[in-house]
Participant: 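Got a structure for you, questions after.
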Amino acid sequence: MELTVGAILEGKVKSITNFGAFIYLPEGRTGLVHISEVSSSFVNDIHEHLKEGQTVKVKVLSIDPNGKISLSIKRAAAPPPRTQTPRAESARRSEPPRPREPLTFEEKLKQFMSDSDSRIAGCRQYEHKTKSRRR
């Protein structure tokens with residue numbers, strides 16, 4: 001069987017790392033499921049979702065020229081159903097969006113200072129990098 005992008009396969013979890021899980025695929029190949037591709041919800045600890053030796057369905061996302069295979073578990077499964085009550089949906093349709101209240105002077109100043117500090121830090125970091133290159 002030819003391994004192609006978009007194919008959905010079954011594989012076994014070979015090993016688990018902090019950044020993802022290596023999966024045995026058919027024909028003795030191995031691919032990586034990045035931690036962001038394990039579940040549609042946030043994954044803090046991958047061990048809560050996968051165990052070594054577990055059989056999983058994966059979708060082939062990419063195969064690079066060096067033979068590295070990128071996989072996804074969450075894209076191989078059907079998307080999770082949206083949980084929404086009919087009442088909330090009808091209420092949202094009938095209510096116009098609420099306008100935002102204008103920011104107070106103190107809030108605007110705080111926002112300005114925060115933006116300014118982050119820009120200055122970025123400039124200093126750039127300046128430090130260029131000085132070290134000149135030496």
Side-chain angles (χ1 to χ4, degrees):
M1 174 175 92
E2 179 91 17
L3 200 61
T4 58
V5 173
I8 296 181
L9 312 164
E10 275 199 2
K12 279 196 175 193
V13 178
K14 175 182 173 183
S15 61
I16 298 173
T17 65
N18 290 339
F19 57 86
F22 290 94
I23 310 293
Y24 276 130
L25 298 172
E27 300 179 14
R29 298 186 76 181
T30 302
L32 173 69
V33 175
H34 188 266
I35 193 168
S36 64
E37 293 293 333
V38 171
S39 174
S40 56
S41 61
F42 178 75
V43 177
N44 189 35
D45 181 10
I46 194 167
H47 293 92
E48 293 176 0
H49 296 268
L50 298 173
K51 303 285 181 230
E52 287 186 20
Q54 178 182 352
T55 302
V56 292
K57 278 193 176 185
V58 293
K59 182 175 184 175
V60 179
L61 299 180
S62 67
I63 304 171
D64 79 1
N66 297 329
K68 292 182 180 178
I69 303 168
S70 178
L71 305 170
S72 174
I73 294 173
K74 72 179 180 183
R75 297 185 199 188
R82 296 188 81 170
T83 55
Q84 191 172 48
T85 61
R87 181 177 173 210
E89 188 176 316
S90 64
R92 189 175 349 118
R93 275 188 254 142
S94 62
E95 286 183 19
R98 295 181 187 169
R100 285 184 151 175
E101 291 185 28
L103 297 176
T104 65
F105 175 77
E106 287 80 16
E107 292 168 331
K108 287 180 182 179
L109 181 61
K110 184 177 180 180
Q111 185 178 7
F112 172 79
M113 294 300 291
S114 174
D115 292 346
S116 178
D117 287 344
S118 65
R119 287 182 182 178
I120 289 171
C123 290
R124 285 184 180 148
Q125 184 178 12
Y126 176 76
E127 182 180 302
H128 177 71
K129 285 181 181 179
T130 56
K131 281 184 181 178
S132 63
R133 287 184 188 162
R134 291 181 196 162
R135 293 180 187 175

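Treat the numbers as computed from the prediction; the structure is a model and nothing was measured.
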Participant: Would you give the length of the straight line joining atom NZ of Lys12 to atom OH of Tyr24, rounded to the nearest 0.5 angstrom?
Facilitator: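 Answer rounded to 0.5 Å: 10.5 Å.
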
Participant: Should we count CG of Asn44 as having more than 12 external heavy atoms under 6.0 Å?
Facilitator: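 Count not over threshold, so no.
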
Participant: Once you round to the nearest 0.5 Å, how far does OG of Ser40 lie from CZ of Arg75?
Facilitator: 12.0 Å

Participant: Between Ser118 and Asp115, is there a donor-acceptor pair closer than 3.5 Å when you use the side chain of the first and the backbone of the second?
Facilitator: yes

Participant: Would you name the heavy atoms of Leu3 and Ile63 that are closest together and state the gap between them?
Facilitator: O-CD1, 3.6 Å

Participant: Looking at Asn66 and Lys68, would you say the former's side chain and the latter's main chain have a donor-acceptor pair under 3.5 Å?
Facilitator: no

Participant: Measure the shortest side-chain to side-chain distance between Leu25 and Val60 over non-hydrogen atoms and say whether it is less than 4.5 angstrom.
Facilitator: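 No. Closest side-chain heavy atoms not under 4.5 Å.
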
Participant: Quick one: pull up CD1 in Ile16 and CD1 in Ile23 and give me the separation to the nearest 0.5 Å.
Facilitator: 8.0 Å

Participant: Honestly curious: do Ile73 and Val43 fall in one hydrophobic cluster under the side-chain, below-4.5 Å linking rule?
Facilitator: yes

Participant: Looking at residues at least two apart in the chain, or sitting in another chain, which of them share a side chain to side chain donor-acceptor pair (under 3.5 Å) with Ser36?
Facilitator: His34

Participant: Just verifying a value: how many Å separate Phe22 CZ and Leu32 CG, rounded to the nearest 0.5 Å?
Facilitator: 5.0 Å

Participant: Minimum heavy-atom separation for Ser72 to Glu37, with atom names?
Facilitator: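 Taking Ser72 first and Glu37 second, the nearest heavy atoms are OG-OE1, 2.6 Å.
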
Participant: Would you say that more than 12 heavy atoms from the other residues, nucleotides or ligands in this model lie under 6.0 Å from the CG of Asn18, or not?
Facilitator: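 At most 12 heavy atoms, drawn from other residues, nucleotides or ligands, come within 6.0 Å of this atom.
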
Participant: What heavy-atom pair brings Lys57 and Ala76 nearest, and what distance separates the two atoms?
Facilitator: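 Closest pair (atom of Lys57, atom of Ala76, distance): O-CB, 3.6 Å.
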
Participant: Report the distance from atom NE2 of His49 to atom NZ of Lys74, rounding to the nearest 0.5 Å.
Facilitator: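 Going from NE2 on His49 over to NZ on Lys74, the span is 11.5 Å.
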
Participant: Phe105, Phe112: one ILVMFWY side-chain cluster at the under-4.5 Å cut-off?
Facilitator: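 The answer is yes; both residues are in one hydrophobic cluster.
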
Participant: For residues Val33 and Val13, determine if any side-chain heavy atom of one lies less than 4.5 Å from a side-chain heavy atom of the other.
Facilitator: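 Side-chain contact under 4.5 Å: no.
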
Participant: To the nearest 0.5 Å, what is the distance between OG1 on Thr4 and CG on Leu9?
Facilitator: 8.0 Å

Participant: Would a hydrophobic clustering, with Ile, Leu, Val, Met, Phe, Trp and Tyr connected at side-chain separations under 4.5 Å, put Leu50 with Leu61?
Facilitator: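 Different clusters: Leu50 never reaches Leu61 through Ile, Leu, Val, Met, Phe, Trp or Tyr contacts under 4.5 Å.
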
